[in-house]
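Here is the naming used below: chain letters follow the sequence lines, and residue numbers restart at 1 for every chain. What you see below is based on every heavy atom in this structure, not just the backbone, and it leaves out hydrogens, waters and symmetry mates.
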Amino acid sequence: MKIKIKDLHAEINGLKILKGVNLEMESGAVHALMGPNGSGKSTLSNVIFGHPAYDVTGGEILVDGEDILEMGTDERAMLGLFLAFQYPVEIPGVTVGRFLKRAADLHAGEGETKTTGFVKILREMMDYLEIDQQFINRYLNTGFSGGEKKRMEILQMLILKPTFAILDETDSGLDIDALKIVSKGVNKLRGGDFGALIITHYQRILNHIRPDHVHIMYQGRIVTSGGNELVDQLEAKGYDFIKKEFGIEEENDVESVANG
Amino acid sequence: MSNPLPTVEIEDYKFGFHYPDASVFKTRKGLDDEVVRAISQHKNEPEWMTDFRLRSLAEFRKKPMPNWGADLSDIDFDEIYYYAKPSENQSKTWDDVPESIKETFDRIGIPEAERKFLAGVGAQYDSEMVYHSIQKELSDQGVIFSDPETAVREHPEIVKKYFGTVIPYTDNKFAALNSAVWSGGSFVYIPPGVKVDIPLQAYFRINSENFGQFERTLIIADEGSFVHYVEGCTAPIYATDSLHSAVVEIIALKGARVRYSTVQNWSSDVYNLVTKRAVAYDNATVEWVDGNIGSKRTMKYPSIWLMGEGAHGEVLSIAFAGKGQEQDTGGKAVHAADNTSSVITSKSISKDGGIATYRGHVKVEEGVKNARSHVVCDALIIDPESGTNTYPYMDILSDDVTIEHEAKVSRISEDQLFYLMSRGMSESEAAMMIVNGFLEPLVKQLPMEYAVELNRLIELEMEGSVG
Ligand SMILES: Nc1ncnc2c1ncn2[C@@H]1O[C@H](COP(=O)(O)OP(=O)(O)OP(=O)(O)O)[C@@H](O)[C@H]1O
Ligand SMILES: [Mg+2]
């Protein structure tokens, strides 16, 4: 799968957030996306999935050459895209088992026996991610701890086997062991026709999942891309280095708010 | 900005069909003494019942319309037919039921349900029960399940003792109306200690236009007995309004347990104004499970008078208010004896401009010791056009009480829909999943067949295309 984002502009309530994002990604590779708080990383993921609160005001998102901007969120998911949410929402009354079964059915290809083996696979994956089997009967994300929610996102990814997954700060708030488990989950799918975009603030997850490419987002744009050395530089010098390196002026955000 | 919420179109009402009016007897439009006498005469009633009807009519004329609740200003009492007799006789087998009537019930699935999971069935078409059956082993045990007319003839002593005692004809305007023109409904008597394990069901069907259906149900569960009574209802869609105004009285004697379940699925032009009340004596339990999906306006608050020590009452109310609908529902519990407990749970969903109102009343009489009541009402609003109200009245005249009340209004959030859709679900499926989740804690407690039927109806209401 080839994802090509060209000069993407998006806003929410008239507030400009993405200001010309250019990014090319391919399955088969793992990309990392870093950038300070509020730079637009989650907005980019939401816009890729067509969140209705955001207005795309320019540019395009091509998946294998086809513009997906007119597609519904569900259609985009069915292309093989997956988003592990930074803040997974609670869905009271809907059990994990029931939800996953339905989502798995939707993703099961023609001719695949939809029910057979589902519970077995689910249990295996839960064991693999060290998630207690009791969670099958819990209501989705409802009352889950931060770490449990993140693991649940990875479980969904393993069940739905996407071609390209965006992990939005899945590592934030995880203890060391959980981080290893989550990384294990991503690495399990790695290789062949799977690609991922790992959004993170920290080097530590990237030590477990070595990215092939690293991109830095700043004020709604990808300002530079490179290899792992970028991560080291960031870790050593902070985002000031990006600012200086790329001659970025602080924007007057007050103005854009006032215009919004 | 794009519209974040699902535009769900209401699926065609499945039961909106009707057959030509083939009534064998019908009173003229409107209501007066003559019409009431005609109904009574047609039923060959004893004089005490005719007198009761006439007294009730006078009361109906006197009583004002309720000045609260759903908007009833469009009801025109002069435009309604109050009695229509669909066939000459009541049948004991479906083969004897007139063809179009039988077809109607086939389409609704009653004979099939009877074969599968019912101990007895009554099927009412307009004003009369056209079919009635009960398993022989139950009648052998002394269980009576008939229409109330038959009971007036065959068991006048029981009828006289209980009829109109739980809900007097003076109770409210619509109880008075029902008392004047009642026709059809059920009479159930369960002898002491008899447990009817599978449900009895009554099905109410309106076929005629501009019609008023006024069934009357009286259930007496003698000491230590158990019965589950299920009622269902549908009507055709006409351009004009119909009226359904039932009275249901339940008497649960010492240690008895009665469960009364309703799936109300009237068409969108029926005013559904029903008075339902139970009395529970020592250690008796009464449960109302009241699902209101259809109708134009519903006003219905199943009540339980806890008269004996240790009595327990539960009301589970589920309402779905769609386009043009007002569901004004809830429940009432009156604690009139020591160690009584009540639970009122209400869940409502409003959509496409529908309004769901919860109206509840918990009363604890003076001097009552150790009364416990738990009231939960949750409302889910699907779109910004729809609304919900909550009116929980408490009338606590004793201080030895434990009362808990929780109320919550939630909306389907954009982020919830987005989350589920990002896993491949369509917008309407995502909304349905959230609605199901909302109902889940309640549906879990329902009898299986009831839960299946309720889910099916709500799914039909929710189904539709994404705008
Ligand atoms: N619903 C919203 N209403 C108003 N502003 C919003 C909304 N969503 C996002 N924003 C703003 O858009 C900007 C980008 O937010 P976004 O969540 O994309 O940042 P981020 O890069 O993911 O940050 P973080 O690293 O903290 O997760 C922020 O300034 C944020 O306040
Ligand atoms: Mg973010």
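- Counting heavy-atom pairs closer than 4.5 Å to chain B, the top-ranked of the candidates E153(A), E75(A), R76(A) is E153(A).
- Side-chain N/O atoms of N141(A) and Y419(B) include a donor and acceptor closer than 3.5 Å.
- The distance from atom CG of L140(A) to atom CD1 of I434(B), rounded to the nearest 0.5 Å, is 10.5 Å.
- If you take CG on D415(B) and OH on Y87(A), they are separated by 12.5 Å, rounding to the nearest 0.5 Å.
- Of all heavy-atom pairs between R98(A) and N436(B), the closest is NH2-ND2, 3.5 Å.
- For the pair D74(A)/M425(B), no side-chain contact is recorded, criterion being any heavy-atom separation below 4.5 Å from C-beta on.
- With a 6.0 Å radius and a threshold of 12 heavy atoms from other residues, nucleotides or ligands, R190(A) has its CZ atom above the threshold.
- Here S422(B) is the residue among A430(B), S422(B), P441(B) with the most heavy-atom pairs under 4.5 Å with chain A.
- From M78(A), atom CE reaches atom CE of M421(B) across 12.0 Å, with rounding to the nearest 0.5 Å.
- In this structure the side chain of L160(A) reaches within 4.5 angstrom of the side chain of R423(B), judged on heavy atoms.
- Contact check for E414(B) versus H51(A): side-chain heavy atoms found under the 4.5 Å cut-off.
- Counting heavy-atom neighbours within 6.0 Å of E66(A) CD, excluding the residue itself, gives a total of 12 or less.
- Looking at Q156(A), the atoms closer than 4.5 Å to chain B (heavy atoms on both sides) all sit in the side chain, from C-beta outward.
- Ring geometry, F49(A) versus F418(B): the interplanar angle exceeds 60°, so the pair is classed perpendicular (tilted spans 30 to 60°).
- For a residue to count as touching a neighbouring chain, one of its non-hydrogen atoms must lie under 4.5 Å from one of that chain's; by this rule P162(A) does not touch chain B.
- Scanning all heavy atoms of the two residues, the minimum distance from E440(B) to Y139(A) falls at CG-OH, 3.4 Å.
- Around CD of E404(B), the count of heavy atoms belonging to other residues, nucleotides or ligands within 6.0 Å exceeds 12.
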